[in-house]
Asker: 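Provided herewith is a single structure, encoded as structure tokens, for subsequent inquiry.
Numbered from 1 within each chain, the chains take letters A, B, ... in sequence-line order.
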Amino acid sequence: MMATDAIVIGGGIHGCCTALHLALRGLRTILLEKNTVGRHASGVNAGGIRQLMRHKAEVPLSIAAMDAWERLDDLLGPELAKNCEFIGGVGQIGIAETEAEMEWCHTRAAEMRSLGHEFEEVIDAKELRRLIPAIADICRGGIISRRDGHANPFRTTQSFRLRAEQLGVRFMERTRVTGLEQGDRGWTVATESGVFRADILINCAGAWAWQVAEMIGEHLPKTHFASTLMVTSRMPHFIDPVVIGIDRVLSFKQTQAGTVVIGGGVLGDPDLNNETADTVADRMVVSAQTVCEFFPILRRATIVRSWAGLEALMPDVIPVIGPSQVAHNLWHAFGFSGHGFQLGPIVGSIIADLVATGESAIPIAELSPARFSTNDMLATTRIPDRKVSQEAGRE
Amino acid sequence: MTDTPRTDCELAIVGGGPAGLAAAALAAELGVETILFDEQPTPGGQIYRNIEANSRKLDALSDILGADYAKGLALVERFRSSGAAYEPLSSIWQVTAAGKLGVSQKGRAYLTRAGRIILATGAVERPFPVPGWTLPGVMGAGAAQTLMKASGVVPDRPTVIAGSGPLTYLVAFQLMKARAPLTGVIDTSRKGLLETGLTALPVLPGFAGDLLKGLSWMAALRRARIPVFSGRNVAAEGGSRVEAVTFEGRGKRRRLPASLLLLHEGVVPNNQITASLRCRHVWDAAQMAWRPWTDEWGVTSAELVAVAGDGAGISGARAAVHGGRLAALDAACRIGRISRAERDERARPERQHLQRDARFRAFLDNTYRPNEAVRRLANETIACRCEEVTAGDLRALVAEGFTDINQLKSFSRCGMGQCQGRMCGATVARILALSLETDMESVGYYRLRLPVKPLPVAQLAELGNAERDLRPSPLGADGDPSQRV
Amino acid sequence: MFRRLRADDLTTTIYFDGRPLRCRPGDSIAAALLAAGVERFRTTPVSGTDRMPHCMIGNCFDCLVEIDGRADQQACLVPVREGSQVRSQLGTGKFDAV
């Protein structure tokens, strides 16, 4: 049996970041990952770094995360930070095609201002075209967050992992948790490759986090989904900002390699048992239509690959961050519902604060798992509707 | 080719080589509504490429391609008169386990629903990465043969052939007959055909003809004074084009000036589609390749999908015909055209042929198994041609702690290019397996998803008959886009 | 680097980087270009080095050219058509406005 201070279950971006921050606070930490680090949503999402159009409950986290992205050097050191391929300041833009969408942009920006946030800004057709010369005439304008950008999700997750390892975190890959028990001497974690013991347990298991919770009798929403991305062959550089849809299914960016990554919440077919997902051509048609309408240059592009990452989906599309409702010394951080990547650098530090002090400087009350202790929220394990999946796929 | 694509059928066959043609002809003869999709403009596959046009004219090319090639015509003629529908110049970009094919043809994409599917996608030349193999002037030996069959185009600059396998000598022999300036053959196999062939002759009585054929090609090369070297660690040299081929022979590095280097190290199943279907695959250690697991009728772990011919494991053109017929009989039985008893009865002679061929195949596999010593990959050798990732790049990542082939892909971009991993998958897996001192089964393969051939965005956007209701119906009313529940 | 065994029947004309090439109906664009002495089909978007077809059966994607304004076309799989305008694909290729 291996004893340590803290065990993190799940090697996604939040697990890696949490392990890193626990280590920064001097806790001996082991991370258990049933597959390999960054295998699912963290490694295969679209890599959007977006403050734009977030749920209000996420805005404080998102702002703090943005600060962290801009200071990745401090957290990771220059080399690992560079590896993340983070490009900030190119902006993310919600594209308005209809008058109704334009109106929504104005309402949203006003509402954000009333809450004291100035970073969402309405732009007209002229500014939109200045920022994206390749955009079609049908687009009237939109809403922009100029600080936003994108990063390479797989490389970023690996960088967090490597930094955590430098700080002494032990990563156990291909190590599936099979049982949890809390006793006088803390947590006993049974895995396929041995038993571990720790005082503190963090559940960052993504689409499988509810299973971890079930092991200690805590019932949390079981919904998961697979958000589809497709990617083109390399194209000449033609766009800097990341573009998302308002009422349309769209998330769109050009990578450093020149490939264009197209998403927006098109659902794949998840296969939780085999821990994979298939993409479905029929559903990808809408995405292809939208990008061809918005960016005529895409009519000449070729799709080379598609994939879908498995991710937990909360009925209210916001994550679960906070202490377990049934056990002490257990914290949850999962359920990012397809837009958790940007929050990557901050969630771990919130969890580390909670572990150390029981409190977080960043407000997270609305994200507490307590919201599922009454049954009506929990019962909502329906398949996500179009709007939900659209929101979920914006990353 | 029809103007309005047929969007459903009882049986879809992918690939118009021996297995596909034999399967389609028999299935259609048994009354199964069959469509054969093929990427090429005319039936025959690579082995009988352009057979119809080439048969119409008897000239130097007919002599070069020989009698074995000419035999393909009967197969094509039977297919043509069988009543099976034929869709040439069709790229298949998806096959689903539910039997839905994505087809791209004449600049547009559509979906065809098939009751059953037989994949007869054949073989591809095993990628043979050597230093300099991306230079213009390095091709597969099979590629040169394709040029000959399809267009009567042959090399006219100094040419070297390097590798192992029967095709190496056949192509050399054919190029010699075509008076191509062949400056040498570098045989990289472990033992010569003569040596292994003569020892095997007593146990392979039915195949003396095949063996003699191989030996006669070698004898003809000797008579024409074309040097045949035994060599290893082949490399292409040159600035922007091939200028010379170097290799190690008799303990020293040798150099042959050449403009064209034709590489060949056998063929491997073309299993991009079964991989994308997540079918169960088996690592064939003798052939050093993955093949889809199948039952005795060619049916894969995806129930509606069968594989026939070299795509199910390399067995050659003769065996492919019989394998194709077995798959067709099973399809006709499952579709209800023939009884099980009839299926089994008709299958018997096909199986007898297959068993006979299997003995010779085992001999070939043994003789021409890629020589590990020859296949040592120098660090500077490009593994992934599309993204230009070298063996050294990949080894460095493994040294950093990556243990999974898909991690290597995500990090280095190997396998992310236009060929979708076709040219590098096995090489990357091998580098990983050797570095981790594990086997190919443990390493696995790239995760592949649609499209299995690149698909223009515009064609997907205009996919006429997609099922929109596959998307779960919206449950909630439109709300604030930032707070949708 | 290549020659034709049969010089008859060269009745189709295609254009490569503006230059007219005579070829046989039924030729793939790749075969027509190789028979006409073309060695650089494309340059890679990664290092800019020259590439020529390697496999001739649709597997390697090194024969990518632009055909009638469309990039990323596999020359070995597309038959010649009278008047086809073929360009070598440099890097990612040109993406002409539609």
Asker: Please look at A:Asn83 and chain B and tell me whether the side chain, the backbone, both or neither of the residue comes under 4.5 angstrom of a heavy atom of that chain.
Answerer: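 Answer is side chain: those atoms of A:Asn83 sit under 4.5 Å from chain B.
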Asker: Tabulate, in ascending numerical order, the residues of residues 448-457 of chain B having at least one heavy atom closer than 4.5 Å to a heavy atom of chain A, or enter 'none'.
Answerer: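 The list, in residue order, reads B:Arg449, B:Leu450, B:Pro451, B:Pro454, B:Leu455, B:Pro456, B:Val457.
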Asker: Chain B heavy atoms under 4.5 Å from A:Ala257: which part of the residue, side chain, backbone, both or neither?
Answerer: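 For A:Ala257, side-chain heavy atoms alone lie under 4.5 Å from chain B.
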Asker: What part of A:Val291 gets closer than 4.5 Å to chain B, counting heavy atoms only: side chain, backbone, both or neither?
Answerer: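 Contact with chain B: side chain only.
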Asker: Please name the pair of heavy atoms, one in A:Thr259 and one in B:Arg413, separated by the smallest distance, quoted to 0.1 Å.
Answerer: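 Between these two residues, the closest heavy atoms are CG2-NH2, 3.5 Å.
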Asker: Would you sort out whether A:Asn274 and B:Arg278 count as a side chain to side chain contact (heavy atoms under 4.5 Å, CB included), showing the intermediate values?
Answerer: CA-CA 11 Å; A:Asn274 288 311; B:Arg278 297 201 267 130; 4.1 Å; yes
Asker: Atom CG of A:Leu162 and atom CD of B:Glu400: how far apart are they, to the nearest 0.5 Å?
Answerer: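 If we round to the nearest 0.5 Å, A:Leu162:CG and B:Glu400:CD are 7.0 Å apart.
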Asker: Name the member of A:Ile318, A:Val231, A:Ile262, A:Asp271 that forms the most heavy-atom pairs with chain B at distances under 4.5 Å.
Answerer: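 The option with the most such pairs is A:Asp271.
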Asker: Just verifying a value: how many Å separate B:Gln459 CD and A:Cys292 SG, rounded to the nearest 0.5 Å?
Answerer: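 Between B:Gln459 CD and A:Cys292 SG, I get 11.0 Å after rounding to 0.5 Å.
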Asker: Where on B:Gln94 is there a heavy atom nearer than 4.5 Å to chain A: the side chain, the backbone, both, or neither?
Answerer: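 For B:Gln94, side-chain heavy atoms alone lie under 4.5 Å from chain A.
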Asker: Is the count of non-hydrogen atoms from other residues, nucleotides or ligands lying under 6.0 Å from A:Glu275 atom CD greater than 12?
Answerer: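 Yes, because the 6.0 Å sphere around CD of A:Glu275 holds more than 12 heavy atoms from other groups.
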Asker: Can you name the ring-ring contact (aromatic ring centres under 6.0 Å, His included) partners of B:His281, sequence neighbours left out?
Answerer: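 Residues passing ring-ring contact (aromatic ring centres under 6.0 Å, His included) with B:His281: none at all.
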Asker: With respect to chain A, which residue among B:Gly102, B:Ala458, B:Gly401 yields the maximal number of heavy-atom pairs within a distance under 4.5 Å?
Answerer: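 Among B:Gly102, B:Ala458, B:Gly401, the one with the most close pairs to chain A is B:Ala458.
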Asker: By a 4.5 Å heavy-atom criterion (distance strictly below it), what part of A:Gln158 contacts chain B: side chain, backbone, both, or neither?
Answerer: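 Looking at A:Gln158, just its side chain touches chain B.
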Asker: Near B:Arg395 CZ, under 6.0 Å, is it more than 12 heavy atoms from other residues, nucleotides or ligands?
Answerer: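 For B:Arg395, atom CZ is crowded (more than 12 foreign heavy atoms under 6.0 Å).
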Asker: With a 3.5 Å cut-off and no angle check, do the side chains of A:Arg174 and B:Thr403 form a donor-acceptor pair?
Answerer: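 There is such a pair (donor and acceptor under 3.5 Å, judged by atom type) between the side chains of A:Arg174 and B:Thr403.
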Asker: For A:Arg234, what residues pass the salt bridge (charged side-chain N to carboxylate O under 4.0 Å, His left out) criterion, not counting sequence neighbours?
Answerer: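 Listed in chain order: B:Glu387.
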Asker: Using heavy-atom distances under 4.5 Å, tell me whether A:Glu173 contacts chain B through its side chain, its backbone, both, or neither.
Answerer: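 Side chain only.
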Asker: Under 4.5 Å, counting heavy-atom pairs only, tell me which of A:Met284, A:Glu101, A:Glu293 racks up the most with chain B.
Answerer: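 Highest number of pairs under 4.5 Å: A:Met284.
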Asker: Taking every heavy-atom pair that is under 4.5 Å apart, which of A:Thr232, A:Leu298, A:Asn152, A:Thr276 has the most such pairs with chain B?
Answerer: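 Of A:Thr232, A:Leu298, A:Asn152, A:Thr276, A:Thr276 has the most heavy-atom pairs under 4.5 Å with chain B.
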Asker: Is there any ring-ring contact (aromatic ring centres under 6.0 Å, His included) pair reaching into residues 404-434 of chain B, and which pairs are they, with sequence neighbours excluded?
Answerer: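 Pairs touching residues 404-434 of chain B that pass the test: B:Phe402-B:Phe411.
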Asker: Side chain from CB out, backbone as N, CA, C, O: work out which of these in B:Glu462 comes under 4.5 Å of a heavy atom of chain A, or both, or neither.
Answerer: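 Answer is side chain: those atoms of B:Glu462 sit under 4.5 Å from chain A.
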Asker: Hey, could you give me the CG/CG distance between B:Leu111 and A:Asp282, rounded to the nearest 0.5 Å?
Answerer: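 Result: 5.5 Å between the selected atoms.
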Asker: Decide yes or no for B:Leu460 and A:Met230: does some side-chain heavy atom of the first lie under 4.5 Å from some side-chain heavy atom of the second?
Answerer: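 Of all side-chain heavy-atom pairs linking A:Met230 with B:Leu460, at least one is under 4.5 Å.
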Asker: Any heavy-atom pair between the side chains of B:Gln407 and A:Thr36 that's under 4.5 Å?
Answerer: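 When only atoms from C-beta onward are counted, B:Gln407 and A:Thr36 do touch, with a gap below 4.5 Å.
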Asker: Chain B heavy atoms under 4.5 Å from A:Thr107: which part of the residue, side chain, backbone, both or neither?
Answerer: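 Contact with chain B: none, neither part.
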Asker: Is the closest side-chain heavy-atom distance between B:Asn406 and A:Arg39 below 4.5 Å?
Answerer: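 In short, these two side chains do not touch, never coming nearer than 4.5 Å.
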